[in-house]
Protein chains: 2
Amino acid sequence: MRDISQIITKFREAGLKVTPQRMSICHLLEDDHSHPSAEEIYRKALTIHPSISFTTVYKTLQTLRDLGEIQELNIDPERAHYDPDIRDHAHFFCKTCRSIIDLETDGFRRDSLARSFHDAEDLEIHHVQIHMVGLCEKCRDGDTAS
Amino acid sequence: MRDISQIITKFREAGLKVTPQRMSICHLLEDDHSHPSAEEIYRKALTIHPSISFTTVYKTLQTLRDLGEIQELNIDPERAHYDPDIRDHAHFFCKTCRSIIDLETDGFRRDSLARSFHDAEDLEIHHVQIHMVGLCEKCRDGDTAS
DNA sequence: GTTGGTGCAAATAGTTTGCACAGTT
DNA sequence: AACTGTGCAAACTATTTGCACCAAC
């Protein structure tokens, strides 16, 4: 996700209005590397903008996703999570506490991975998600659920 | 997914009963490389076993997943898909027609990928999913939806 | 003033569960 | 006979939509 000022420009160029609700959500996401769900973003937004609705949060997240400013993660089968970091990186999902941890993908280039498959299969690949699923350090010790 | 005979043994060893419904679902999955959803498996099962319920299909899929005989794919945000092929391979998901295509991961070893992250982060990784999302050949030509 | 956004409430859809009866062992 | 599985119906949860009013442009 880029600077708020750049996002404002992009909104205006796309004929979208710059509203206080949208700006609040952008500010929240800018500082949040916890991969929150829509519900979590909504709860945080309420503290800034007490009358904001879940619908507005939901639609704003869709808008930001469609503009390519955030990525929607489908790593948790129960709900979508959102990541303002659109750079190449993999994610780890803990089955127990449902937390998501960033993993740097130094070892290989995700783009070239996508390109090689693209060449072979004649597919138009828009994005790649690499997901590791298991137990985080805390949950591994305290919980044996698989 | 292994031979039905091996799965029967595994069921009995786990104290699970071998029922006609479960066997029908195993036979359906054995030959199905289309990555069906629970609903699709249910509809196919109905043609073999007209009184089977969605609940039974759903619970059997969970059982097979928990036994490690199939993998549950969370590549489609709208529903889970199931894959009887538990070998290392990536998947492509078409946003338009919702089809899933297998991609062989010759270029790198998924296990070593997981292991390198594991060593670095102290996580217990149970499985890895590599997802490419975009448009398949057919939908790319006929549809410009992103 | 025009156009798109917000917020409410309701609808949708996939998933999951409680329970009584049936089938496997 | 004991115990798990099946099937029905209902509950649950995340997501999505219709619409009237409001705000940005």
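Lettering of chains follows the sequences in order, A, B, ..., and the numbering in each one begins at 1. Just so it is clear, the structure is predicted and the values come from calculations on it, not from any experiment. No hydrogens, no waters, no symmetry mates; every other heavy atom, side chains included, goes into these values.
Put simply, NE2 on B:H81 is 9 Å from P on C:dT15, counting in whole angstrom units. Spacing between atom OH of B:Y58 and atom C1' of D:dC12 amounts to 11 Å, rounded to whole angstrom units. Straight-line distance from the CD1 atom of A:I25 to the P atom of C:dG5: 13 Å, rounded to whole Å. Straight-line distance from the CZ atom of B:F54 to the C1' atom of C:dT16: 10 Å, rounded to whole Å.
Taking the nucleotide of DNA chain D with the nearest heavy atom to each of A:V18 and A:T55, the more 5' of the two is matched to A:T55.
Nearest to the side chain of B:K17, among D:dT6, C:dT25, C:dT6, sits C:dT25. Minimum atom distance to the side chain of B:L16 is reached by D:dG5, of the listed D:dG5, C:dG7, D:dT16.
Residue contacts for B:E78: at a heavy-atom cut-off of 4.0 Å it reaches the sugar-phosphate backbone alone, with no base atom in range. Residue A:S37 is classed as having no contact, given no heavy-atom separation below 4.0 Å to the nucleic acid. Counting non-hydrogen atoms under 4.0 angstrom, B:P77 reaches nothing in the nucleic acid.
Judged by distance alone with a 3.5 Å cut-off, no donor-acceptor contact links the side chain of A:K59 to the base of D:dT16.
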* Asked: Does the salt bridge (charged side-chain N to carboxylate O under 4.0 Å, His left out) test come out yes or no for B:E69 and B:R2, once each step is laid out?
  -> CA-CA 7 Å; B:E69 292 296 335; B:R2 289 171 301 175; 2.3 Å; yes
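Defined by atom type and a distance below 3.5 Å, a donor-acceptor pair is missing between the side-chain atoms of A:D102 and A:H33.
A salt bridge between B:K44 and B:E40 is absent, with no side-chain N of the basic residue lying under 4.0 Å from a carboxylate O of the acidic one.
Within the 3.5 Å criterion, the main-chain N or O of B:I52 finds no donor-acceptor partner in the side chain of B:T56.
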